[in-house]
A.B. asks: 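Structure in structure tokens, see below.
Model, not experiment: these values are computed from the prediction.
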Amino acid sequence: MSRTDDRVAMRNINSPDHIVRVERAKYEAMRDAMLAVVPADKPGLTAAEIKAGLLPLLPDDLFPGGAKAGWWQKGVQLDLEARGVLGRADTKPLRFHRL
């Protein structure tokens, strides 16, 4: 595997021109867990509800004891919003759903 194959571009809906390259394995694990938990129905789930649902789905070798899961959750959430995969409901607290 080449060095670029083990990284993936992560976008941010709040800064469309800012792209960071992150570990592919962690990104894909978090993305898959998040998409398994977040419903398509509005209003969706809060970030705390999503985290509670995705923690058991994360591989322990990548996220031992859930370490750094919050950072990855937020980053992947912003990326999926930028890619048009997740949407926000205008609620307090914010709720997220698949588009």
A.B. asks: I'd like to know if the side chain of E28 and the backbone of A25 have a donor-acceptor N/O pair within less than 3.5 Å.
C.D. replies: no

A.B. asks: Given E81, which partner from the list K74, R11, R88 fulfils the salt bridge (charged side-chain N to carboxylate O under 4.0 Å, His left out) test?
C.D. replies: R88

A.B. asks: Would you indicate whether D90, at its atom CG, is surrounded by more than 12 heavy atoms from other residues, nucleotides or ligands within a distance under 6.0 Å?
C.D. replies: no

A.B. asks: Would a hydrophobic clustering, with Ile, Leu, Val, Met, Phe, Trp and Tyr connected at side-chain separations under 4.5 Å, put L45 with V85?
C.D. replies: yes

A.B. asks: Quick check: does any side chain N or O of S15 sit under 3.5 Å from a backbone N or O of D17, one acting as donor and the other as acceptor?
C.D. replies: no

A.B. asks: Within the distance-only criterion (no hydrogens, no angle test), does the side chain of R24 pair as donor or acceptor with the backbone N or O of D5 below 3.5 angstrom?
C.D. replies: yes

A.B. asks: Which of these, L35, V22, L58, sits in a side-chain contact (heavy atoms from CB on, under 4.5 Å) with M30?
C.D. replies: L58

A.B. asks: Do side-chain atoms of R7 reach the backbone of R21 as a donor and acceptor pair under 3.5 angstrom?
C.D. replies: yes

A.B. asks: Are I13 and L86 joined in one hydrophobic group, where the rule is that I, L, V, M, F, W and Y side chains link up if heavy atoms are under 4.5 Å apart?
C.D. replies: no

A.B. asks: Donor-acceptor pair, distance only, cut-off 3.5 Å: does the side chain of Q73 make one with the backbone of A47?
C.D. replies: yes

A.B. asks: Can D79 and N12 be said to form a side chain to side chain contact (heavy atoms under 4.5 Å, CB included), step by step?
C.D. replies: CA-CA 5 Å; D79 178 73; N12 184 327; over 6 Å; no

A.B. asks: Would I19 and L80 show up in the same hydrophobic cluster when neighbours are defined by side-chain heavy atoms closer than 4.5 Å?
C.D. replies: no

A.B. asks: For E23, does its backbone N or O pair with a side-chain atom of D6 as donor and acceptor, under 3.5 Å?
C.D. replies: no

